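In this text the structure is predicted, and so the values were computed from the model without any measurement. Labels below follow one simple rule: chain letters A, B, ... track the order of the sequence lines, proteins then strands, and each chain is numbered from 1.
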2 protein chains.
Amino acid sequence: MSKIDSPKGTYNISKLNRPFVTVDILIFTIQDEELKTVLVKRKDLPFKEMWAIPGGFVKIDESLEEAATRELVEETGIKDVYLEQLFTFGDPKRDPRGRVITVSYFALILSKDLSLTASTDAKEVKLFSVNELPPLAFDHQKIIDYAVERLKNKIGYSNIVFGLLPKRFRLSDLQKVYEIILNKKLDKRNFRKKMLSLDLFKESGMEDRTGAHRPAMLYEFKKREVVFFD
Amino acid sequence: MSKIDSPKGTYNISKLNRPFVTVDILIFTIQDEELKTVLVKRKDLPFKEMWAIPGGFVKIDESLEEAATRELVEETGIKDVYLEQLFTFGDPKRDPRGRVITVSYFALILSKDLSLTASTDAKEVKLFSVNELPPLAFDHQKIIDYAVERLKNKIGYSNIVFGLLPKRFRLSDLQKVYEIILNKKLDKRNFRKKMLSLDLFKESGMEDRTGAHRPAMLYEFKKREVVFFD
DNA sequence: TGAATAGTGTCTTTCAGACAATATGCC
DNA sequence: GGCATATTGTCTGAAAGACACTATTCA
């Protein structure tokens with residue numbers, strides 16, 4: 001490979017100033033009744049000591065999704081989760097070191113599966129409530145805002161929340177997830193009516209008997225893959 | 001800039017194998033009652049003589065959107081249109097020449113504003129119905145399929161079709177645009193009721209008096225910028 | 001007056017949203 | 001029995017969808 005053409009003609013590769021390309025991955029989970037996201041503390045300039053979305057360079061022979069999956073495994077040890085491409089941010093000034101274009105992805109993870117300490121680096125990695133974020137490096141605040149907005153919309157017409165629920169769950173657990181993400185109370189009767197009408201779950205036959213009260217039926221998702229409704 | 005850090009530590013730039021980054025821009029219009037898109041015939045290998053989505057390299061100091069806007073002007077002479085980022089395609093094998101990641105955008109243009117011949121190159125540029133596409137270079141068929149799907153969804157909850165209509169238009173023109181994009185007939189009464197309830201248009205006070213039949217009221221969009229509804 | 005398109009209203013069904021009482025299990 | 005959560009139904013208003021006739025202009 002020594003030349004590459006463009007609509008305008010032919011460039012010599014050596015004249016082409018290529019950008020860096022990274023993937024950033026927004027790992028969302030619910031913990032202590034809050035929507036949280038994984039951040040890592042930067043050890044180098046620029047934005048040294050500031051918190052940032054985990055991410056890294058795309059290797060020359062891996063796809064974007066492979067890069068995001070790899071980053072996710074490196075940060076959390078988790079694989080086989082739903083990853084969705086969010087947006088590509090490419091402002092020339094977004095990284096003071098030079099031209100870095102980042103393709104962002106998000107993932108929804110069960111908090112009990114998250115073992116952040118599993119990270120082999122001595123890096124500081126922490127969960128932050130999306131409502132109480134520290135000052136963030138680069139344009140990462142903008143990226144998180146965008147992701148949270150997408151998430152709020154998407155739970156309205158898809159079943160992506162399955163990533164935030166265990167195999168078996170109560171309808172009240174499901175409702176709590178919606179309430180936390182949307183940041184508002186929902187009516188129990190209307191919520192159950194709507195959810196059950198979607199035909200996404202089935203009764204597991206088991207009950208939850210924790211607590212001094214009537215047991216709850218445990219449901220399971222029929223499919224743990226993304227389905228759109230509406 | 002001589003070094004750039006990553007979550008794993010510090011790289012020397014010279015060791016980082018950087019990809020090329022392009023923007024591809026899907027220019028949609030309606031002509032002869034069909035949804036069409038602009039394609040250019042490739043003059044070089046690979047995929048020589050095949051049709052492709054117009055696009056080009058992102059310059060090192062321009063944003064992705066600036067690059068897409070520039071490409072759009074180069075292809076069509078048109079500026080000031082709504083451009084939406086679609087998706088970033090980055091399969092390592094999508095371009096046989098090497099690693100090329102492409103950020104795709106789409107635009108909706110009035111066909112009478114399109115002057116494809118204005119292109120200064122001797123390139124072949126043509127409109128194709130999205131239903132009768134020739135064999136396409138690279139993964140461009142996939143990109144177009146994705147864009148058409150997005151477009152079909154998006155007209156259901158936004159006013160983006162304003163890009164496909166002149167300043168003043170009949171409600172039957174609007175309906176035709178929806179029917180062509182969705183590829184199905186709509187009920188006139190229900191369509192008008194719904195559209196007028198959205199409060200996106202106003203009566204222009206003028207009438208269309210072409211044809212031997214009752215004149216139609218001409219409407220205008222209140223805002224020629226994207227608004228979401230529903 | 002015939003051809004062609006514009007413009008309009010009702011009924012039914014579906015869905016969202018407001019709203020409260022009973023059921024069950026554990027202590 | 002008291003506590004805590006689970007489970008359930010009705011009414012109302014809004015919107016979607018099916019459906020057909022009248023209005024206006026020009027040739």
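With ring centers used as reference points, A:Phe229 lies 6.0 Å or more from A:Tyr157.
Distance CZ (A:Arg192) to P (D:dA6): 7 Å, rounded to an integer number of Å. The nearest whole Å value for the distance from the CZ atom in A:Phe191 to the P atom in D:dG9 is 18 Å. Look at CG on B:Asp230: it is 12 Å from C1' on D:dA14, rounded to the nearest Å. The separation between B:Tyr178 atom OH and D:dA16 atom P is 12 Å, rounded to whole Å.
Ion pairing between a basic and an acidic side chain is recognised when a charged N comes within 4.0 Å of a carboxylate O; B:Glu66 and B:Arg70 show no such pairing.
Using a 4.5 Å cut-off on side-chain heavy atoms (C-beta onward), A:Phe89 and A:Lys142 make contact. Within the 4.5 Å cutoff, no side-chain heavy atoms of B:Met195 are placed close to those of B:Arg192. Looking at heavy atoms from C-beta onward, A:Phe138 lies in side-chain contact with A:Arg42 at the 4.5 angstrom threshold.
In this structure B:Thr210 satisfies the side-chain hydrogen bond (donor to acceptor under 3.5 Å, both in side chains) test together with B:Asp208, sequence neighbours excluded. With sequence neighbours left out, A:Arg168 forms a salt bridge (charged side-chain N to carboxylate O under 4.0 Å, His left out) with A:Glu220.
Side-chain polar atoms of B:Gln141 and B:Asp145 form a donor-acceptor pair below 3.5 angstrom.
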| said: Within the 4.0 Å limit for protein heavy atoms, which parts of nucleotides 18-27 of chain D are touched? Write it as a string from 5' to 3', B for base, S for sugar-phosphate only, - for none. | reply: BBB--BBBB-

Name every donor-acceptor pair, under 3.5 Å, that has one atom in a side chain of residues 27-34 of chain B and the other anywhere in the protein, sequence neighbours excluded.
unit_1  : atom_1 : unit_2   : atom_2 : d
B:Thr29 : OG1    : B:Ile109 : O      : 2.6
B:Thr29 : OG1    : B:Ser111 : N      : 2.9
B:Gln31 : OE1    : B:Lys36  : NZ     : 3.0
B:Glu34 : OE2    : B:Ser129 : OG     : 3.4

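Think of the region where chain A sits on DNA chain C: with heavy atoms and a 4.0 Å cut, that region ends 5' and 3' at C:dA16 to C:dC26.
More than 12 heavy atoms of other residues, nucleotides or ligands shown are found within 6.0 angstrom of NZ on B:Lys222.
For DNA chain C, no neighbouring residue in residues 166-177 of chain A is found when judged by any heavy atom under 4.0 Å.
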